[in-house]
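The structure appears right after this line, and notes come after that.
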Amino acid sequence: MTEPVIELEGVEKSYRFFQLSDVRLRLDAGQIMGFVGPNGAGKSTTIRILMAMIGQDRGTVRVLGHPLPREQAAAKRHIGFVSEDMRLYGPATLAWHIRFVASIYPGWDAAYASALLHRFNLHPEQAIKLLSHGERVKATLLLALARRPRLLVLDEPTTGLDPVARHEVLAELMDVVRDERRAILFSSHNTQDIEQISDQITFIDRGRIIDSSDKETFLDRWRRLHLDVPPGVTPPAPDGVIETTASGRIAVVTTKAYTPELDGVYERAGVTVREVQRMTLEEIFVANVMSNRREKVT
């Protein structure tokens, strides 16, 4: 088995009002992982540890084979990082930034940078301070992508982008992992973006990883069933059912372990399955988070 691009084992970080607990994460080359969580869930803290901006209190972190934070310089040579709160030098032009970054990284791909300028409709001689928010995001992404890093770490990169700019950015990211040596960690609370481009999904809430799998497994095993329950009949609660709501004869069941055999379980109990609905990633995420929080309360 090849060495993972990212590997976190038992990572913890404590603050006065927040704790990152027992985070375990693995990302292999050729994959895009969507790292999904509400605001304040621990996404940015995890990413800061991955980028060695802060050190973990416990646990091990390896990025591109390098233990962090000890070998962060060697790892960062091959990491491209883009965050929504990154700031470029306003008075300087994009061309100035390109020359500056190219002078630092010998792997800079000038032809690719030129293609991205055209694709993103950016003008190199324009000052950064005159760019729109979407143009600044695309400029920052260009500076990361044209280095051809083996790992891209993106912290909420599409926040505030209009639909066209988001489409441009996401399309470029999907193109990156056609090179199976490269990988992307994409942190966001926008599940539509995550569902569109990711093949691996990790949910985090209140400092803990609550579920992690490939996207198709999530979409296949989560379902919402609409049941017709006759008077006097109590619908069964098979393994995997996380919520049941009822109104009169109608009950709605959410399960994280759907198989076609589940329909038969209800039918044999005298309950009619009227409809089986697939769930969007956003619905799965919300149901997963709320179920996890209820389990902690009980």
Side-chain angles (χ1 to χ4, degrees), residues 4-28 31-63 67-69 81 83-85 151 153-157 159 183-195 198-222 239-243 254-258 279-298:
V5 175
I6 292 174
E7 189 172 31
L8 277 66
E9 288 289 338
V11 170
E12 299 191 358
K13 182 70 178 180
S14 296
Y15 295 100
R16 183 180 179 186
F17 298 111
F18 177 78
Q19 182 170 352
L20 199 67
S21 303
D22 195 26
V23 170
R24 299 173 186 272
L25 198 65
R26 178 188 173 110
L27 175 63
D28 292 323
Q31 295 181 338
I32 300 179
M33 176 178 283
F35 193 39
V36 190
N39 291 330
K43 301 188 302 298
S44 293
T45 300
T46 303
I47 285 176
R48 290 188 183 105
I49 291 172
L50 274 173
M51 294 299 300
M53 296 176 179
I54 56 175
Q56 67 272 24
D57 296 336
R58 285 170 291 279
T60 60
V61 179
R62 294 184 68 86
V63 178
L68 298 186
F81 176 59
S83 172
E84 65 168 331
D85 58 2
L151 170 64
V153 178
L154 309 175
D155 190 9
E156 302 282 1
T159 299
I184 298 174
L185 180 69
F186 187 106
S187 168
S188 181
H189 59 265
N190 187 324
T191 53
Q192 289 183 331
D193 290 350
I194 295 294
E195 187 168 357
S198 300
D199 42 40
Q200 300 290 319
I201 308 288
T202 296
F203 293 146
I204 185 170
D205 184 48
R206 296 180 176 178
R208 292 182 178 271
I209 302 295
I210 59 173
D211 209 347
S212 186
S213 185
D214 65 275
K215 179 177 67 178
E216 295 309 316
T217 296
F218 272 119
L219 296 177
D220 284 345
R221 63 184 170 89
W222 283 78
D239 290 344
V241 170
I242 64 167
E243 184 180 29
T254 301
T255 177
K256 62 179 181 181
Y258 178 77
M279 297 171 65
T280 66
L281 189 64
E282 180 170 345
E283 291 171 328
I284 293 170
F285 169 58
V286 172
N288 210 331
V289 167
M290 298 310 295
S291 172
N292 182 70
R293 292 181 180 182
R294 284 194 297 268
E295 289 176 4
K296 285 188 175 181
V297 170
T298 57

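Please read these numbers as outputs of a predicted model, since none were measured by experiment.
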Output all residues satisfying salt bridge (Lys or Arg N to Asp or Glu O under 4.0 Å) with D220, sequence neighbours left out; order by chain, then residue number.
R278
How many angstroms lie between atom CG of N292 and atom CG of D205, to the nearest 0.5 angstrom?
6.0 Å
Here the pair of heavy atoms bringing G37 nearest to H189 is O-CB, 3.3 Å
Does a side-chain heavy-atom distance below 4.5 Å link I210 with V289?
yes
For a quick test of reading the model, state the closest non-hydrogen atom pair linking P157 to F186 and the distance between them.
CG-CE1, 3.8 Å
For a quick test of reading the model, state the closest non-hydrogen atom pair linking R208 to S21 and the distance between them.
CZ-CB, 3.6 Å
Going through the distances and angles, do E12 and L20 end up as a side-chain contact (heavy atoms from CB on, under 4.5 Å)?
CA-CA 5 Å; E12 299 191 358; L20 199 67; 5.8 Å; no
Of I194, I201, V5, T202, which is the lone residue that meets side-chain contact (heavy atoms from CB on, under 4.5 Å) with M33?
T202
K13 atom NZ, over 12 foreign heavy atoms within 6.0 Å
yes
With sequence neighbours left out, the residues meeting salt bridge (Lys or Arg N to Asp or Glu O under 4.0 Å) with E156 are K43
Taking side chain as C-beta onward, heavy atoms only, is L8 less than 4.5 Å from Q56?
no
Donor-acceptor contact below 3.5 Å, side chain T46 vs main chain G42:
yes
Okay, side chain of D57, backbone of S14: is any donor-acceptor separation there less than 3.5 Å?
yes
From F218, F35, W222, residue fulfilling ring pair (Phe, Tyr, Trp, His ring centres under 6.0 Å) relative to F203:
F218
Using salt bridge (Lys or Arg N to Asp or Glu O under 4.0 Å) as the criterion, list what pairs up with D193, not counting sequence neighbours.
R166
R221 side chain to K256 main-chain N or O, any donor-acceptor pair under 3.5 Å?
yes
At their closest point, which heavy atom of D28 faces which heavy atom of A183, and how far apart are they?
O-CB, 3.6 Å
Taking CD in E9 as the centre, count heavy atoms belonging to other residues, nucleotides or ligands within less than 6.0 Å. Is the count above 12?
yes
Side-chain contact, heavy-atom cut-off 4.5 Å: M279 with Y258?
no
Which heavy-atom pair separates G207 from V23 by the least distance, and what is that distance?
O-CG2, 4.1 Å
For a 4.5 angstrom cut-off between non-hydrogen side-chain atoms, does K215 reach D199?
no
Would you indicate whether the side-chain heavy atoms of T191 and T280 approach each other to under 4.5 Å?
no
Taking atom CD as the centre, does E282 end up with more than 12 heavy-atom neighbours from other residues, nucleotides or ligands that are less than 6.0 angstrom away?
no
Do the side chains of T60 and P67 get nearer than 4.5 Å, heavy atoms only?
no
